[in-house]
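So the structure is just underneath, and the comments pick up after that.
Residue numbers start from 1 in every chain, and the chains themselves are labelled A, B, ... in the order their sequence lines are given, proteins ahead of strands.
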Amino acid sequence: MIQIQLQPKVLDPFKAIQIFQSQPEFKAAHYGANAIFIGTMRDFNEGDDVVAMHLEHYAGMTERQLQALTLKVLEQYPVEHVLIEHRVGDIVPADPIVVVAVWSAHRKSAFAACRELMEALKREAPFWKHEVLSNGTKRWVEHNTAG
Amino acid sequence: MIQIQLQPKVLDPFKAIQIFQSQPEFKAAHYGANAIFIGTMRDFNEGDDVVAMHLEHYAGMTERQLQALTLKVLEQYPVEHVLIEHRVGDIVPADPIVVVAVWSAHRKSAFAACRELMEALKREAPFWKHEVLSNGTKRWVEHNTAG
Amino acid sequence: MSVKVLFFASLREQVGKGQAILEYSTPITALQVWQLTSGKDLMPNTVRVAINQSYSDANTGVQDGDEVAFFPPVTGG
Amino acid sequence: MSVKVLFFASLREQVGKGQAILEYSTPITALQVWQLTSGKDLMPNTVRVAINQSYSDANTGVQDGDEVAFFPPVTGG
């Protein structure tokens, strides 16, 4: 299964994974390896205190792009399931921004696919971060660093 | 923080992580990147159906070895926290065997440290799997594959 | 013929609008769409172009009814 | 002088015991501990040796009071 979701409210990564795993197509005794990445909002960036953030996205293209990059990663690694959830809208420090979870028979594929999905998402999915600093200034994050 | 625990009862990876994160030393807005690996018991191995498993370990050395290998990985990667829980005793398919969770400021370190911790654990931590097959036969798993 | 034009994030602020409809009569490229709607002749080389929600580039010709989007480097995840 | 000797997993089954106390009077190596307690002259090269709960090797000398363990390749995780 591939499940991709944009989340306008609080994202609870573990609840999202548990709901995903409760589906009948999910056979817990089949996979062995589950690699998960959770990205969380920090309260600092480039030396400044950040108090809030708006996550803008290109509705429609974001979902298409996440789907396309997932299919591309699945061509390279033997993976059974992929779950991606990403926040949109207004968040505060410590809020989860993204969860990527991958299930595979082998840990090597699970790790590699999870990592490659995160890199592809950071590179290609049309999201933009707009930070609110502690002095009230707002600024756009200019680019993601390579992982 | 480094927290290493052997779990003789059912291991709930997400609950273990949430309890870890509820400690005052855990500053959720500081890390940004959390990589997690969960290993689960499969219901097949080397072409046979497996119905149960006993996880033997060398009490004392296992904890020391996990601590030592974690310190070694922390020398190589800038990582803030590590949580490792591993089941011991009798388990059945779909039961979690191990969870390794790593928190870092950067996803590259989080992924790399999580992966390296799993490889080191598989290579060095004194656990042994004793499988019960569907025909009642018992056998020792002979070696771990490289990841 | 016409295309729907979208600007996102810092580009939306710089251009002063989030979307526009561009009507045109002879074939044009995404770059010309940019020039005719953003009020800027040059397109910074960091600008990414998407046509119908897939990545494209400035020299690609647009078709009647296309959705053409311009945005800065993405910063999700 | 004496050492505590431990066997784990499939080795415990092959040797027929999980632990033993070995008394000795002249300095010996882990290999000699193996020979004197396992009933086997040869130590398969897959056997791992730990002294006082740290990895060691067959040629290392043991000290009075040491805990000397022998076990097959580990299969955790």
Inset, instruction - Flag yes if more than 12 heavy atoms outside A/Lys122 fall under 6.0 Å of its NZ atom; otherwise flag no. - result: yes
Legend entry - A/Glu142, CD: over 12 other non-hydrogen atoms inside 6.0 angstrom: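 No, CD of A/Glu142 has 12 or fewer neighbouring heavy atoms, counting only those of other groups under 6.0 Å.
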Legend entry - Interface residue of largest heavy-atom contact number with chain A, from B/Ile17, B/Asn34, B/Ile97, under 4.5 Å: B/Asn34
Inset, instruction - For chain A, find which of B/Asp43, B/Thr145, B/Val100 contributes the most heavy-atom pairs closer than 4.5 angstrom. - result: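 Ranked by contacts with chain A, first place is B/Asp43.
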Legend entry - Residue-level interface, residues 112-121 of chain B with chain A, non-hydrogen cut-off under 4.5 Å: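 Checking residues 112-121 of chain B against chain A gives B/Cys114, B/Arg115, B/Met118, B/Glu119.
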May I have the list of side-chain donor-acceptor pairs in residues 82-94 of chain A shorter than 3.5 Å, sequence neighbours left out?
unit_1, atom_1, unit_2, atom_2, d
A/His86, NE2, C/Gly77, N, 2.9
A/Arg87, NE, A/Gln7, O, 3.0
A/Arg87, NE, A/Lys9, O, 2.9
A/Arg87, NH1, A/Lys9, O, 3.4
A/Arg87, NH2, A/Pro8, O, 3.2
A/Arg87, NH2, A/Asp90, O, 3.1
A/Asp90, OD1, A/His54, ND1, 2.9

Does any backbone or side-chain atom of [X] lie under 4.5 Å from a heavy atom of chain A? Answer side chain, backbone, both or neither.
X	value
B/Tyr31	backbone
B/Lys27	neither
B/Ser109	neither

Legend entry - Partner residues of A/Phe44 under the side-chain contact (heavy atoms from CB on, under 4.5 Å) criterion, sequence neighbours left out: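 Listed in chain order: A/Arg42.
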Inset, instruction - Please list, chain by chain and in numerical order, all residues satisfying ring pair (Phe, Tyr, Trp, His ring centres under 6.0 Å) with A/Tyr77, sequence neighbours excluded. - result: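 Result, ring pair (Phe, Tyr, Trp, His ring centres under 6.0 Å) vs A/Tyr77: none returned.
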